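Have a look at the structure below, then the notes.
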Amino acid sequence: MKNIYLIGGAMGVGKTTVCQRLKSKLNNSVFLDGDWCWDAHPFRATEETKQMVMQNICFLLNQFIHCSAYDNIIFCWVMHEQSIIDNIIKNIDSTKCDIKPISLICSPETLRTRLECDVAKGLRTADVVERSINRLPLYAELNTQKFDTDDTSIDDIADMIIEACMGTDKHEQ
């Protein structure tokens, strides 16, 4: 049985960092960030590109599922609507998989601080701050396990996810 971690959250909540830590803590693991599946300039969110990115994500997840080298598949993306999560689950071969839908959350103040720091470093554009904060309430409506990243170390968040999803020794999974 493979474990598939579908980890969503607003931009800046810590998805990529948490997933990278999960990858190092879980044996036989692989990590895919949904943003890698349509990293383009200029970025265009059209119906065509949205359809393409979903196909890219599901194709890559299925490749990982069918590869015997991986037991733990970690995927992150904004996933702020249940339909996005449902569409991914519908389009992957989950017959021998335990799917773990997760949302990372934090306070608007924490998110603003993190994103403004990224903007100051030139890593993000200023418009991301309000867009991301406006999406935070959407995660409460999703059928996912929620993990708060406020005032919690990356290691602790990864350990909490592993414990909640596995209930067994984290390093043996």
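For clarity, every value in this text was computed on a predicted model and none was experimentally measured.
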Residues forming a side chain to side chain donor-acceptor pair (under 3.5 Å) with Gln63, sequence neighbours excluded: none

Any donor-acceptor N/O pair, Ser103 side chain to Gly9 backbone, under 3.5 Å: no

Worked check of side-chain contact (heavy atoms from CB on, under 4.5 Å) between Leu60 and Trp36: CA-CA 11 Å; Leu60 288 170; Trp36 301 338; over 6 Å; no

Presence of salt bridge, Asp98 and Lys100, under 4.0 angstrom: yes

Hydrophobic cluster membership, Ile154 vs Ile7, 4.5 Å side-chain cutoff: yes

Heavy-atom neighbours of Asp151 CG exceed 12 at 6.0 Å: no

Ser153 and Asp155 side chains, donor-acceptor separation under 3.5 Å: no

Counterpart residues, salt bridge (Lys or Arg N to Asp or Glu O under 4.0 Å), relative to Glu109 (two or more places apart): none

Side-chain donor-acceptor pair present, Ser132, Arg114, cut-off under 3.5 Å: no

Exercise: identify the closest heavy-atom pair between Ser107 and Asp150: N-OD2, 2.8 Å

Minimum heavy-atom distance Ile65-Cys97, with the two atoms named: CG2-SG, 3.9 Å

Val53 to Cys37 - nearest heavy-atom pair and separation: CG2-CB, 3.7 Å

Verify same cluster id: Leu22, Ile99 (apolar side-chain graph, 4.5 Å): yes

Carboxylate-amine/guanidinium proximity below 4.0 Å for Lys90 and Asp86: no

Between Asp93 and Asn62, a side-chain donor and acceptor under 3.5 Å: no

Test side-chain contact (heavy atoms from CB on, under 4.5 Å) applied to Met79 and Ile88, step by step: CA-CA 10 Å; Met79 295 189 285; Ile88 291 169; 3.9 Å; yes

Rounded distance (nearest 0.5 Å) linking atom CZ of Arg135 with atom CG of Leu111: 11.5 Å

Partner set under salt bridge (Lys or Arg N to Asp or Glu O under 4.0 Å) for Lys2, not counting sequence neighbours: none

Closest heavy-atom pair and its distance - Ile57, Leu32: O-CD2, 4.2 Å

Which atom of Tyr139 lies closest to which atom of Gly8, heavy atoms considered: CE2-C, 4.1 Å

Closest approach of Val128 to Leu115 (non-hydrogen atoms, all atoms of both residues): O-CD1, 4.0 Å

Donor-acceptor contact below 3.5 Å, side chain Thr149 vs main chain Leu104: no

Test: Lys121 and Glu116 ion pair at under 4.0 Å: no

